[in-house]
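Comments concern the structure below.
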Number of protein chains: 4
Amino acid sequence: MVKEISSSIKDESLIVKRRAQLHKGAVTLFKQKGFHRATTREIAKAAGFSIGTLYEYIRKKEDVLFLVCDAIYDEVKARMKAVIDTDTTSESSLFQAVESYFQLMDELQDEVLVLYQELKALPKDAQEYVLNKEKEMLRLFETILENSYKDVLSQNEITLISNNIFIQGQMWGFRRWVLQKEFSLEQYTQHQFNLLKSQLAHLTQIKQQGGVK
Amino acid sequence: MVKEISSSIKDESLIVKRRAQLHKGAVTLFKQKGFHRATTREIAKAAGFSIGTLYEYIRKKEDVLFLVCDAIYDEVKARMKAVIDTDTTSESSLFQAVESYFQLMDELQDEVLVLYQELKALPKDAQEYVLNKEKEMLRLFETILENSYKDVLSQNEITLISNNIFIQGQMWGFRRWVLQKEFSLEQYTQHQFNLLKSQLAHLTQIKQQGGVK
Amino acid sequence: MVKEISSSIKDESLIVKRRAQLHKGAVTLFKQKGFHRATTREIAKAAGFSIGTLYEYIRKKEDVLFLVCDAIYDEVKARMKAVIDTDTTSESSLFQAVESYFQLMDELQDEVLVLYQELKALPKDAQEYVLNKEKEMLRLFETILENSYKDVLSQNEITLISNNIFIQGQMWGFRRWVLQKEFSLEQYTQHQFNLLKSQLAHLTQIKQQGGVK
Amino acid sequence: MVKEISSSIKDESLIVKRRAQLHKGAVTLFKQKGFHRATTREIAKAAGFSIGTLYEYIRKKEDVLFLVCDAIYDEVKARMKAVIDTDTTSESSLFQAVESYFQLMDELQDEVLVLYQELKALPKDAQEYVLNKEKEMLRLFETILENSYKDVLSQNEITLISNNIFIQGQMWGFRRWVLQKEFSLEQYTQHQFNLLKSQLAHLTQIKQQGGVK
DNA sequence: TATGAATGAGTGTTCATTCAT
DNA sequence: GATGAATGAACACTCATTCAT
């Protein structure tokens with residue numbers, strides 16, 4: 001499950017430091033020009049070191065992309081974890097999760113855009129690796145929904161609603177040209193959450209009526 | 001508003017024919033390797049002609065991408081038009097529109113995938129041109145929602161729900177690795193439409209209660 | 001000595017007509033873009049027919065260049081001949097020859113420019129063929145000088161002065177950016193001829209003084 | 001007035017060294033095949049490096065041509081300067097200048113040939129830049145003539161004679177196929193200088209006689 | 001005869017990657 | 001560890017030439 005990127009450098013802390021530089025520079029660059037249009041020289045420059053040094057920390061240009069993609073979900077998962085661990089059974093916990101997730105998608109919108117548009121450029125095994133991380137993300141929402149709406153939602157509904165939430169978060173970033181003209185992040189979150197609540201409320205109604213009969 | 005791609009060929013019907021070949025070959029190829037990884041020679045070959053002939057019908061590699069992107073919404077719009085013109089005021093018309101749209105997204109899923117992942121590779125003016133077509137598509141859903149739920153939905157809600165429907169259709173294609181494992185197209189359509197109906201039903205309830213008071 | 005360009009067309013008068021069109025269009029084009037930058041399509045268009053037709057009258061692109069180069073000296077020789085045949089022994093005949101020649105170089109300056117800059121693009125045998133025509137031109141001046149200054153000029157001096165006259169004529173065209181800003185053609189002719197006369201006068205003086213001794 | 005050619009190489013001394021290699025190889029090559037027929041790969045090879053390395057030192061193929069053209073007049077000017085600075089008022093100084101110039105044109109005849117035949121292939125701004133350098137060269141001769149024959153020659157005569165000297169020098173190279181068969185460089189120089197002296201002597205005579213009267 | 005669609009070898013140029021310093 | 005000069009495979013694009021109609 002682990003996918004390591006080899007480096008000829010021995011000093012581990014240096015690797016971490018350099019790759020952080022690299023990640024930061026690369027995202028900025030990929031956002032502007034996309035992965036394919038960015039040259040390795042530009043990547044090196046954006047990261048603050050020479051082309052020679054770049055190749056001390058990666059083996060192929062693709063590795064840079066992988067580094068970026070890989071980091072995104074790690075960050076998302078790390079930050080979502082905190083929210084979710086607190087409490088996962090009430091409606092408010094769903095709102096908190098959605099809110100945090102949308103908040104995060106707002107902060108990471110450049111990264112997410114890159115992820116969306118360049119994932120396919122990775123070799124198949126790296127793609128699968130990244131998609132697996134995405135599945136873990138999806139499961140976070142599924143878990144919350146399961147816990148809070150056990151009796152109301154079918155498995156299919158849970159899958160679907162999780163997916164919907166998931167891409168609504170990403171949509172905020174990669175459809176910014178239409179959404180961010182009409183909504184602030186708070187408005188967007190509020191409205192989408194209201195729509196979600198309507199859905200769940202109605203489904204709950206139906207189930208309860210069904211249960212009465 | 002028109003964006004023509006110049007060709008050195010005089011026979012207009014030949015241009016149409018060759019560009020159809022080109023479109024078809026290019027989509028197949030781009031789906032496999034993406035636009036950037038596909039070479040012009042491969043594109044030519046996939047279309048069934050030589051590199052020289054390819055350049056009789058386009059001027060830049062980008063033009064191929066534009067041709068593909070441009071055609072997608074033209075086809076979508078043409079086919080949606082038929083459905084929508086019939087009737088745009090009942091709930092069933094919304095279902096029909098969604099069903100047709102999802103159906104179409106299923107058929108064109110390769111094209112949509114390409115569109116999503118390569119749009120950014122187009123020059124800015126071509127991007128805008130394509131995005132404008134997307135806006136027209138969005139307006140189709142907005143119109144139906146406006147007609148059927150005039151008193152129930154705010155403008156914001158209409159915008160948002162249209163966007164949600166829009167990307168749920170595309171999601172069926174570009175997230176096929178997760179969705180198409182769990183649902184058939186009919187199931188997906190049915191479930192998403194049910195969720196949508198729940199939403200609308202609940203919002204209608206709220207509005208009516210509000211009105212009663 | 002003859003260098004024919006083959007054509008698949010039988011009707012000789014048509015060949016002559018088409019090649020005249022070709023010559024005219026090509027000179028205009030070569031003057032603007034040079035031989036190498038001009039494409040065969042452009043040449044055909046400038047001549048007023050299609051690329052297919054062009055290749056009915058030539059076999060290689062080079063042939064067009066040859067046609068142009070070849071025609072230049074033919075025209076120069078034809079027109080100089082008339083002047084020279086009249087009278088070749090007096091000083092006035094030298095002036096007339098120079099004047100006609102400069103006049104001609106003025107009229108044909110585009111062609112001469114092309115000739116100068118593209119001659120090297122011809123295959124070796126065609127180059128030699130054209131240079132031989134140039135030699136014939138040179139001999140015209142040599143003949144006049146020999147006839148009029150038999151006792152005054154050595155063979156070397158005749159060669160040199162002919163060459164000087166020859167290139168002073170061409171200079172008028174291909175150094176137009178400096179000369180034609182300062183002189184009219186008449187002035188240029190007059191001044192250069194005066195300088196030439198001074199030369200010949202002084203040489204005559206010397207020879208006569210030498211002869212006296 | 002400066003026209004720099006950009007390079008991605010940082011080591012300035014290396015740039016100078018590589019461009020010298022490039023210059024030398026390019027002249028040899030252009031002399032044989034002309035600029036247009038020479039491929040960049042051939043240019044690189046002639047310079048002794050790979051195609052990739054070539055493009056580290058130039059940005060466009062045209063740059064190679066510019067490099068060559070630019071260097072010619074720089075060299076001519078540098079070497080003429082020495083001669084001219086010594087003494088610019090006597091007849092002997094004119095002879096020395098002409099002799100040095102012809103000598104130089106002999107040494108640089110390949111470069112001059114290239115210059116003559118390919119200058120037009122440069123973009124307009126580079127052409128003007130090079131032609132300006134040529135004008136500076138012309139002014140050298142004008143200055144000497146002005147100093148030595150102030151009272152004898154009109155401005156027009158100075159312009160014209162300078163031009164004549166200028167192109168007679170170049171003629172030695174680009175008409176070598178006729179001139180160098182008949183003359184050694186010394187003979188050519190001597191004869192042309194004699195003709196020039198005759199001219200000036202006669203003009204001096206005329207002016208003096210005119211003055212006496 | 002005239003046309004112009006088709007061809008593909010050839011060209012300028014880029015850029016990921018290596019390696020000597 | 002860091003640098004950046006060198007490399008050459010690979011690419012987009014052009015254009016002379018052919019040939020079926």
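In what follows, every chain begins at residue 1, and chains take the letters A, B, ... in the order their sequences are listed.
- In this structure, of F:dG1, F:dA16, F:dT14, it is F:dT14 that holds the atom nearest to the side chain of B:Ile51.
- In this structure, A:Arg18 reaches the F:dA2 phosphate: one of its side-chain N or O atoms is under 4.0 Å from OP1 or OP2.
- A:Ile9 comes within 4.0 angstrom of the backbone, heavy atoms only, and of no base.
- For a distance-only test at 3.5 Å, the side chain of D:Arg41 qualifies as a donor-acceptor partner of the base of E:dT13.
- Rounded to an integer number of Å, the gap from NE2 of C:His36 to C1' of E:dT11 is 13 Å.
- Remark: B:Ser7 OG to B:Glu4 CD distance equals 10.5 Å, nearest 0.5 Å.
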**Message:** Show me the dot-bracket string of DNA chain F, counting Watson-Crick or G-U pairs under 3.5 Å, with | for pairs to another strand and [ ] for crossing ones.
**Reply:** .||||||||||||||||||||
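- For D:Ser50, the side-chain atoms get nearest to F:dG8 when compared with the rest of F:dG8, F:dG1, F:dC13.
- For E:dA2, neither phosphate oxygen OP1 nor OP2 lies less than 4.0 angstrom from any side-chain nitrogen or oxygen of C:Thr53.
- Residue-level contact check: B:Ala44 touches neither bases nor backbone, having no heavy atom under 4.0 Å from any strand.
- Between the CZ atom of B:Arg37 and the P atom of F:dA12 there is a distance of 13 Å, given to the nearest Å.
- Close to F:dT3, at under 4.0 Å from its OP1 or OP2, lies no side-chain N or O of A:Tyr55.
- Rounded to whole Å, atom C1' of E:dA6 lies 15 Å from atom CD1 of B:Ile58.
- Under 4.0 angstrom from either OP1 or OP2 of E:dA5 there lies no side-chain N or O belonging to B:Tyr57.
- Within the 4.0 Å cut-off from OP1 or OP2 of F:dC11, not a single side-chain nitrogen or oxygen of B:Lys61 is found.
- At F:dC13, one or more side-chain N or O atoms of B:Lys60 fall inside 4.0 Å of OP1 or OP2 (strictly under the cut-off).
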